[in-house]
Amino acid sequence: MYVEIKQSPELSGEVSLYGAKNAVLVIMASLLLTSGKSLLKNVPASSDVLHMITLLESLGAVISFDHETHELWVDTSSVDKWRVHPDIMKKMRASILVMGPLLARFSRADIALPGGCVIGTRPIDFHLKNFSKMGVEIQSGGAYLKTHVRQLSAKDLVLEYPSIGATENLMMAAVCAPGTTRIINAALEPEVLDLITVLQKMGAQIAIEPPATIIIKGEDALKPIEHELVVDRLEAGAFLLAAAITGGTVFLSNANKDHLAVFLLKLEEMGHLVRSGPKGTGILFKATKSPQAVSFKTAPYPGFPTDLQAPMMAIQCLAQGRSVIDETVFENRLVHIRELQKMGAQISVEGSKAMVTGVDELYGASVIASDIRASCALAIAGLAAKGTTIMTGISHWRRGYDHLEKKLASLGASIALSHSLHLTKPLSETKSAQKY
Ligand code: UD1
């Protein structure tokens, strides 16, 4: 399977966003803290979500997912297992997020080390160190990391870096630890705040103290919830960048402008027009025809999101001037550069920095997506590249997005998912090399 992308006209129209993938995965895991039936709304049918369904079912949950209404019902009454099979664990890094809830529910969790995208070493030491502090005993060896605890203890937990996953995992354990836990230097991304809202709906007592401390008072029993997910700021970024590179105009009807402040600032600095929608909800975007290159550096929220670094790099390739992009969150998140270079982009790399010099044209090529956001970057570049781009490695595309190609096509993009590959020779040898 592959995605075929052709040079496209200016995108135009209105689109509504799904709930955030990075919120739904952890919120699904958090339902293990309850016993009963919960409802999540606006859930994207991305393959990571389907994978989390498989994981929860393997623990005994009963789940129904309506792909039309995007409603996900999860009944956790019959969850009776605390061991996640390594095959399930290895498919997705977010699988680690069941560890906190399983420890809270069963006082034990047997897991394998998680898999996921190839974007650096991505250890889980912040999770494990702090679970140990809460009294969890961890034994490694064999296929599983076996963990158990007599009674989770409330503690002051300090994160040396505001890791999203560690903040979420520790918070989900702490909601059932008697006493007060404080997570200091916590991540406060909109998706973390959405999890906090969900835990509060369940009955947990959680407060945030400036600058970045989460205070949790442990509760005995938590109840099932109904919740509409925070919208996906990364899906929003994909549409804005697709509109930017094609010179188009789009309205994202349910986007939250505040969740993308630094990213939108950079788009404005490029010369694009960004306005809030009516009543403060929604983003109206109109692309400039002569975009100027901008430099940026990724950082934890509210800084520039690392998940939009690759897609934003794609549009710098065709901007006027030079952009310096510093990836500070992950040490190996520049793999997409090699693929953009195949399309004619002029990019050099020094350590964590990419230097992009704008070119007049990109060319369709055969490219490989190496992670979720790289797939988005390559699709965006493909929309402006002369000719046809064939993107393989699309398991990543499907992991992160629910039929993004169809939504882009509804705005006028020439992009489609194809099921067979009939190529006599790699496109990279034909189109980009010949620069037709
Ligand atoms: C989450 C997001 C992912 C995003 C990333 C950074 C989900 C499901 N995924 O991933 O899309 O790209 O945040 O915004 O929400 N680290 C350690 N030790 C740890 C944990 C993390 O060294 O125990 C490091 C990581 O290697 C990385 C940095 O901390 O360099 C941030 O990672 P983290 O915030 O934990 O990312 P994830 O939660 O895995």
Side-chain angles (χ1 to χ4, degrees), residues 19-30 43-44 46-49 51-52 55 89 91-100 111 113-133 136 138 145 157-172 183 185-196 198 212 229-230 232-235 237-238 259-260 262-263 297-312 326-336 352 370-377 396 399-401:
K21 172 194 87 87
N22 285 352
V24 71
L25 295 178
V26 67
I27 288 170
M28 288 171 74
S30 79
V43 175
S46 62
S47 66
D48 269 7
V49 169
H51 187 71
M52 188 56 101
L55 191 162
M89 218 50 218
K91 280 200 181 134
M92 179 176 75
R93 180 173 165 86
S95 310
I96 189 71
L97 297 172
V98 295
M99 192 172 167
I111 56 155
L113 290 179
C117 294
V118 190
I119 50 173
T121 52
R122 301 184 87 183
I124 54 165
D125 53 328
F126 304 159
H127 303 239
L128 300 184
K129 264 194 255 180
N130 287 292
F131 278 134
S132 287
K133 255 193 172 175
V136 178
I138 301 167
L145 202 61
L157 308 173
V158 184
L159 294 179
E160 58 199 78
Y161 186 89
S163 152
I164 295 175
T167 301
E168 294 170 336
N169 225 348
L170 297 168
M171 189 160 53
M172 291 186 286
I183 306 177
N185 196 24
L188 292 174
E189 267 70 5
E191 296 77 21
V192 179
L193 300 188
D194 208 34
L195 171 65
I196 292 179
V198 162
L229 297 163
V230 66
D232 197 328
R233 60 196 168 108
L234 305 175
E235 192 194 17
H259 291 172
L260 285 164
V262 176
F263 170 71
K297 182 180 183 165
T298 63
Y301 188 81
F304 193 101
T306 173
D307 284 339
L308 287 174
Q309 176 258 112
M312 182 67 155
D326 193 356
E327 172 54 62
T328 75
V329 179
F330 289 108
E331 76 279 15
N332 186 25
R333 207 176 205 181
L334 297 172
V335 183
H336 48 279
S352 65
S370 54
D371 71 64
I372 295 176
R373 309 306 167 187
S375 75
C376 179
H396 298 294
R399 282 187 54 203
Y401 307 99

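In listed order, ligands and their atoms are each counted from 1. Below, all heavy atoms of this structure are taken into account, side chains as well, without hydrogens, waters or symmetry copies.
Between atom 19 (C) of ligand 1 and the options Ser95, Ala29, Pro123, Pro305, the minimum heavy-atom separation is to Pro123. Between atom 11 (O) of ligand 1 and the options Leu234, Ile124, Asp307, the minimum heavy-atom separation is to Asp307. Residue nearest to atom 1 (C) of ligand 1, selected from Ile164, Asn130, Thr167, Val329: Ile164 (by heavy-atom distance).
Heavy atoms of other residues, nucleotides or ligands lying less than 6.0 angstrom from NZ of Lys133 number more than 12.
Residues Ala94 and Leu25 come closest through the heavy atom pair CB-CD1, 3.8 Å.
At least one heavy atom of Arg333 sits closer than 4.0 Å to an atom of ligand 1. Heavy-atom distances between Glu191 and ligand 1 stay at or above 4.0 Å for every pair.
In summary, the atoms of ligand 1 found under 4.0 Å from a heavy atom of Gly165, numbered by their order in the structure, are 35 (O), 38 (O). The atoms of ligand 1 that sit less than 4.0 Å from any heavy atom of Thr306 are 6 (C), 12 (O), 14 (O). Using a 4.0 Å cut-off to heavy atoms of Asp125, the atoms of ligand 1 that qualify are 17 (C), 18 (N), 19 (C), 22 (O), 23 (O). Shown in contact with His127 at under 4.0 Å from a heavy atom are these atoms of ligand 1, numbered in order with element: 23 (O).
Between Thr167 and Pro162, the closest side-chain pair of non-hydrogen atoms is not below 4.5 Å. Residues Leu145 and Leu128 are in side-chain contact: their nearest non-hydrogen atoms beyond the backbone lie under 4.5 Å apart. You'll find the side chain of Leu234 reaches within 4.5 Å of the side chain of Arg373, heavy atoms only.
Below 3.5 Å of separation, one finds no N or O of Glu331 facing any N or O of ligand 1. For ligand 1, the polar-atom distance check against Lys21 finds no nitrogen or oxygen pair separated by under 3.5 Å. Looking at ligand 1, you'll find an N or O of Asn22 within less than 3.5 Å of one of its N or O atoms. Here's the thing with Arg93: one of its N/O atoms is less than 3.5 angstrom from an N/O atom of ligand 1. Taking any N or O of Leu97, backbone or side chain, none lies under 3.5 Å from an N or O belonging to ligand 1. Between Phe330 and ligand 1, not a single N/O pair is under 3.5 Å apart.
Judged by distance alone, the side chains of Glu168 and His127 never bring a donor and an acceptor atom under 3.5 Å apart.
With Asp232 contributing its side chain and Lys21 its backbone, the two residues share a donor-acceptor pair below 3.5 Å.
Listed by chain and number, the residues in a side chain to side chain contact (heavy atoms under 4.5 Å, CB included) with Ser47 are Arg398, Arg399 (sequence neighbours excluded).
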Can you list the steps and then say if Arg93 with Asp48 is a salt bridge (charged side-chain N to carboxylate O under 4.0 Å, His left out)?
-> CA-CA 10 Å; Arg93 180 173 165 86; Asp48 269 7; over 6 Å; no
For Glu327 and Thr306, what are the C-alpha separation, side-chain angles and deciding distance, and is it a side chain to side chain donor-acceptor pair (under 3.5 Å)?
-> CA-CA 7 Å; Glu327 172 54 62; Thr306 173; 3.0 Å; yes
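Residue Phe126 touches ligand 1 through backbone and side chain together, judged by heavy-atom distances below 4.0 Å.
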